[in-house]
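Note that ligands are numbered from 1 as they come in the structure, with each ligand's atoms numbered from 1 the same way.
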Amino acid sequence: MANFSLTTPIYYVNAKPHLGHAYTTIIGDALARWHRLMGDNVHFLTGTDEHGLKIQQAADDAGLTPIEFADTIAPQFKEAWAKLNISNDDFIRTTEPRHYAGVAKLLQACYDAGDIELDVYSGKYCVACEEYFTDEELEDDLCPIHKRPVEYFEEENYFFRLSRFQDRLLEWYASHPGAMTPDFRANEALGLIRSGLRDFSVSRTSLTWGIPLPWDSKHVAYVWFDALTNYMSAVGYGTDDERFNEWWPVDYHLIGKDIVRHHCVYWPAMLMSAGIELPKGWGIGGWLLSGGEKMSKTSGNVVNPLDLVDDIGVDGFRYYVLAETSFGQDGDFTYEGLLTRYNSDLANNLGNLLSRVATVVDKKCGGIGPSPAADSVLATAAESAWQDTAAAWHSLQPSKALEATWSLIRATNAYLENNEPWKSEPGEAVDRVMGDALEALRIVAVLITPAIPQTAQAVWERIGMPGQVSDQRIPAAAAWGQYPGGATVTKGDPLFPRRQLPA
Ligand code: MSP
């Protein structure tokens, strides 16, 4: 069994989980579930980023100590992910002892390599980004990301000599084409490296809420150095070498376009300095915008994903997130868009197919599903649907994967419309059509498992298949002809009742 590991960013605990956080996490979850379906041994990591000035300030505002404050927010992320049916294998908090051990070890390794040195730094700092900006990078003197004023800081800091890594990073990426995906985001990252790299400070003396440097405890680690290390500390770096060797390097870091500099420039340089293998891949997503702006607590335009789940159901929401935008591009969240997609793809296509099949089997086949024909026209549609679905997941294109899966749903609806089994007398001809449709639905149930797992199981049970659809393995389970004739097909309520668009 091959290992496959992937990570989401770890989310700042200054805010409750919002739609933007859910976006990256759902994509990670679907990919993790796809790989489990392929028989891989999967490790899917998420967590919370709990140190730094931003959290310290949020705690101060709430009248709590930073850890008390983090303790109120971190469980809300865990609960949100449980509600969104996120199948993470671990959840790391950067305030855990295992993480402290990993950060101390990595800092020491870079220090011993001579790449961390003491220096004085002054500059303009955006607390929301936890990042310094040059005057050229600012827009009207405001942070280009948060559109907020920056603060002038001057500190004696330890610096990571990033400037030494420009050529090595460019060479590494040149010899690992496709490591960052999609291509246009990779080009943006390479542009950052080509435009010249500034050393960055890896320590702070102006705050105490962080991990002390192992060789100079007056300083705490810069929150980004601390945070990035979660990807290794969670799998044993600093505490369990055997486990670390089993899971490192990671297959994919899923990140948003706002944190490319940290993940695709700082992080690989830090690893090179410490002599650690680089990640195998980075998946760089766009933003889910709301009213044309990045959704963020700071911008005050957040949509609570849990409200949407209560409204449209967990799978309706997951489907929207995965299908609506092509990974890497920005998407604009609208409630109308959510309902439109729900009505067309889930209610009309998938829901309708299942209810049609169940109704005809009930009326014409006594509620018992007939077996499929080996030479059905749908067999070819099923073959290309699963091949294309697989190719799209493997190239990190969830929306394409769903389009490919939906091609089988559409082909099956068209097959029913061409044959109109509801108009025929019970008999061999109807049985043949319905056996084929049930077999197509069986394969659809398998293929939708990563995106909409509850629905997949519901379809599986309604067509009379035993056990858990998530225990199926592709490619075996995608091969045509396995629906066992003789299973009981259940009609049940509509899976996705149609929704009215707001007037
Ligand atoms: N804590 C850092 C990440 C450290 S990873 C070692 C951080 N946290 S964050 O909570 O502000 O945002 C993390 C990620 O959430 C973003 O990079 C992005 O992947 C995702 N998103 C947050 N808002 C988003 C949108 N509006 N749209 C899509 N994703 C967004 O940065």
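The aromatic rings of Phe4 and His35 lie parallel to each other, with less than 30° between the two planes, well short of the 60° mark. Between Tyr342 and Phe496, the angle of the ring planes goes over 60°, which puts this pair in the perpendicular group of the 30/60° scheme. Between Tyr11 and Phe77, the ring planes are parallel. Angles under 30° get that label, and only those over 60° would be called perpendicular.
For Thr24, every heavy-atom contact with ligand 1 shorter than 4.0 Å involves the side chain, none the backbone. Only the side chain of Tyr23 comes within 4.0 Å of ligand 1, judged by heavy-atom distances. Under 4.0 Å from ligand 1, the heavy atoms of His263 that appear belong solely to its side chain.
Outside the 6.0 Å centre-distance limit, the rings of Phe165 and Trp172 are not counted as a close aromatic pair.
Checked by distance only, ligand 1 and Lys54 stay at 3.5 Å or farther apart across all their nitrogen or oxygen atoms. Residue Tyr12 has at least one nitrogen or oxygen atom sitting less than 3.5 Å from a nitrogen or oxygen atom of ligand 1, judged on distance alone. Polar contact check, Ile10 against ligand 1: a nitrogen or oxygen pair lies under 3.5 Å apart. Checking only distances, Pro9 never comes within under 3.5 Å of ligand 1, N or O to N or O. Geometrically, ligand 1 and Gly256 share a nitrogen or oxygen pair separated by less than 3.5 Å. Residue Leu288 places at least one N or O, backbone or side chain, under 3.5 Å from an N or O of ligand 1.
Contact atoms of ligand 1 toward Asp49: 1 (N), 2 (C), 4 (C) (distance under 4.0 Å to a heavy atom of the residue). When each atom of ligand 1 is checked for a heavy atom of Ala227 under 4.0 Å away, the hits are 6 (C).
Counting only distance, with no hydrogens or angles, the side chain of Asn349 and the backbone of Ser344 share a donor-acceptor pair below 3.5 Å.
Note on Glu188 versus Lys257: no salt bridge recorded, every NZ/NE/NH1/NH2 to OD/OE distance being 4.0 Å or above. Salt-bridge check for Glu137 with Arg261: passed, with a basic side-chain N closer than 4.0 Å to an acidic carboxylate O. Between Glu130 and Lys54, none of the side-chain N atoms (NZ, or NE/NH1/NH2) sits under 4.0 Å from a carboxylate O, so this pair counts as no salt bridge. Remark: Asp199 engages Arg161 in a salt bridge, criterion side-chain N to carboxylate O under 4.0 Å.
Considering Tyr231, Tyr11, Trp287 only, the shortest heavy-atom separation from atom 5 (S) of ligand 1 involves Tyr231.
Residue contact check for ligand 1: His18 places a non-hydrogen atom closer than 4.0 Å to it. For the pair Gly286 and ligand 1, a heavy-atom separation below 4.0 Å is found.
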